[in-house]
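Structure first, then comments.
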Number of protein chains: 2
Amino acid sequence: MTVENRMASIHEPRMHQMCGHDPAEAEAFRSILSRIGDKWSLMLVGMLHEGPLRFTELKQMTPGISGRMLTHTLRQLERDGLVEREVFAEIPPRVEYRSTPLGKSLAVPALAIAEWASAHQGEISANRERYDEAAD
Amino acid sequence: MTVENRMASIHEPRMHQMCGHDPAEAEAFRSILSRIGDKWSLMLVGMLHEGPLRFTELKQMTPGISGRMLTHTLRQLERDGLVEREVFAEIPPRVEYRSTPLGKSLAVPALAIAEWASAHQGEISANRERYDEAAD
DNA sequence: CAGGATCCGTGGTGATACTG
DNA sequence: CAGTATCACCACGGATCCTG
């Protein structure tokens, strides 16, 4: 039995039981997955897991993100209760973002995904190249 | 120290080390996350983790998916080497999809995300409602 | 049965300019 | 500094029709 099979058999969740049959629950389920799976949320949750950061710090640590998307994504995370926003009445303004307990609990499986992606990105890139050139 | 903090400190991955600074690596990283985060990939990987399934079976188990998206998503998963496609030369045609070892390894953290979503969807829904009505 | 082809609407994303 | 407002794009995804 492989490591993966042993790990899976511990919880043994059935995907089609989570998302299937009840349309409302399936909708809620997918709305969470799409939040997790959007372009920036997972990265921001992972970064805030290490400690509070302010807007500009997050922007610098996240290569390629625009100010607009950083604001928007943080608002969504705040709406879901994954992130807290604290505004300091100073000049110049200072805003700190920190992970909530709910956000920290998400960071655990999220970082597991990130590790998986990091560990297998070479293999996946090779698979893609092989698939694409096999298409002639 | 919370459970989450202890668990995180075991692997202690730094998100900004995984995705940051090297633009090519960040691109590869996000391309994997977007695959995971799209509308159907995670569900299909989870279903195929339990055993091989044919096209129609997958379609029936995945409420709301169109034939077009099922085909398209399976092609992407096949391209990444997460899923294998076997065509049987029969009439009527029969095609089986099965998870590769790489796909099974992804299913572990993917199902962890799915469990998290399932466990916290009530809390998140409540957070969203509170946030939305606080906006007046 | 398992798709391929085509059309099309929607939403997520980025660029830019502006503000308290 | 930390946003907001506006415009524009195009990839994602659905509906429909056709085929080996």
Side-chain angles (χ1 to χ4, degrees), chain A residues 19 23 26-27 29-44 47-48 52-80 83-98 128 131 135-136, chain B residues 19 23 26-27 29-44 47-48 52-80 83-98 128 135:
Chain A
C19 62
E27 177 64 26
F29 182 71
R30 278 208 303 95
S31 74
I32 293 175
L33 287 186
S34 69
R35 170 74 18 81
I36 292 166
D38 74 2
K39 201 168 180 179
W40 306 108
S41 291
L42 195 59
M43 255 182 277
L44 295 178
M47 289 173 177
L48 290 174
L53 292 167
R54 49 194 298 192
F55 188 86
T56 306
E57 292 172 327
L58 278 170
K59 188 159 159 51
Q60 289 170 348
M61 292 170 65
T62 313
I65 197 170
S66 66
R68 169 177 158 41
M69 285 315 297
L70 181 54
T71 300
H72 180 252
T73 307
L74 287 169
R75 287 289 178 283
Q76 299 299 326
L77 295 174
E78 189 190 1
R79 185 170 101 106
D80 288 358
V83 158
E84 273 176 359
R85 179 170 174 268
E86 185 176 6
V87 183
F88 296 88
E90 301 173 3
I91 293 178
R94 182 167 119 250
V95 178
E96 265 194 12
Y97 293 90
R98 74 186 66 242
R128 289 180 181 173
Y131 185 94
D136 303 333
Chain B
C19 62
E27 178 63 26
F29 180 71
R30 280 207 302 94
S31 74
I32 293 174
L33 288 185
S34 69
R35 170 74 16 82
I36 292 165
D38 73 2
K39 199 169 183 179
W40 305 108
S41 291
L42 192 57
M43 255 181 277
L44 296 178
M47 289 173 176
L48 290 175
L53 292 167
R54 49 193 298 190
F55 188 86
T56 307
E57 292 173 327
L58 278 169
K59 188 158 159 51
Q60 290 169 349
M61 292 170 67
T62 313
I65 198 170
S66 65
R68 175 191 181 328
M69 286 315 298
L70 181 54
T71 299
H72 181 252
T73 306
L74 287 169
R75 287 291 177 281
Q76 299 300 325
L77 295 174
E78 188 190 2
R79 185 170 100 107
D80 288 0
V83 157
E84 272 177 0
R85 179 169 174 268
E86 186 175 7
V87 182
F88 296 88
E90 301 172 5
I91 294 179
R94 183 167 119 250
V95 178
E96 264 194 12
Y97 294 91
R98 73 185 67 242
R128 288 179 181 174

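Here is the naming used below: chain letters follow the sequence lines, and residue numbers restart at 1 for every chain.
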Separation of atom [atom1] in [X] from atom [atom2] in [N], rounded to whole Å:
{"X": "B:His72", "N": "D:dG14", "atom1": "NE2", "atom2": "P", "answer": "12 Å"}
{"X": "A:Ile91", "N": "C:dG20", "atom1": "CD1", "atom2": "C1'", "answer": "9 Å"}
{"X": "A:Lys59", "N": "C:dT13", "atom1": "NZ", "atom2": "C1'", "answer": "13 Å"}
{"X": "B:Met69", "N": "C:dT6", "atom1": "CE", "atom2": "C1'", "answer": "15 Å"}
{"X": "B:Gln76", "N": "D:dC12", "atom1": "CD", "atom2": "C1'", "answer": "11 Å"}
{"X": "A:Arg30", "N": "D:dG14", "atom1": "CZ", "atom2": "C1'", "answer": "12 Å"}

### Task
Please list all pairs passing the salt bridge (charged side-chain N to carboxylate O under 4.0 Å, His left out) test where one or both residues lie in residues 52-79 of chain B, with sequence neighbours left out.
A:Asp132-B:Arg79
Determine the minimum heavy-atom distance between [X] and [Y], stating which atoms define it.
{"X": "B:Asp38", "Y": "B:Arg35", "result": "OD1-O, 3.0 Å"}
{"X": "A:Tyr97", "Y": "A:Leu48", "result": "O-CD2, 3.4 Å"}
{"X": "B:Phe55", "Y": "B:Thr71", "result": "CE1-OG1, 3.4 Å"}

### Task
Scan nucleotides 2-11 of chain D nucleotide by nucleotide, 5' to 3', and note B when protein non-hydrogen atoms come under 4.0 Å of the base, S if they reach only the sugar-phosphate, - if neither.
SSS-B-----
### Task
Output all residues satisfying side-chain hydrogen bond (donor to acceptor under 3.5 Å, both in side chains) with B:Ser66, sequence neighbours left out; order by chain, then residue number.
none
### Query
B:Arg128: what forms a side-chain hydrogen bond (donor to acceptor under 3.5 Å, both in side chains) with it, not counting sequence neighbours?
A:Ser31, A:Asp80
### Task
For A:Thr56, check side-chain contact (heavy atoms from CB on, under 4.5 Å) against everything at least two apart and list the hits.
A:Gln60
### Query
Nearest 0.5 Å, what's the CZ-CD1 distance between B:Arg30 and B:Ile36?
13.0 Å
### Neighbours of DNA chain C within residues 32-41 of chain B, by heavy-atom distance under 4.0 Å
none
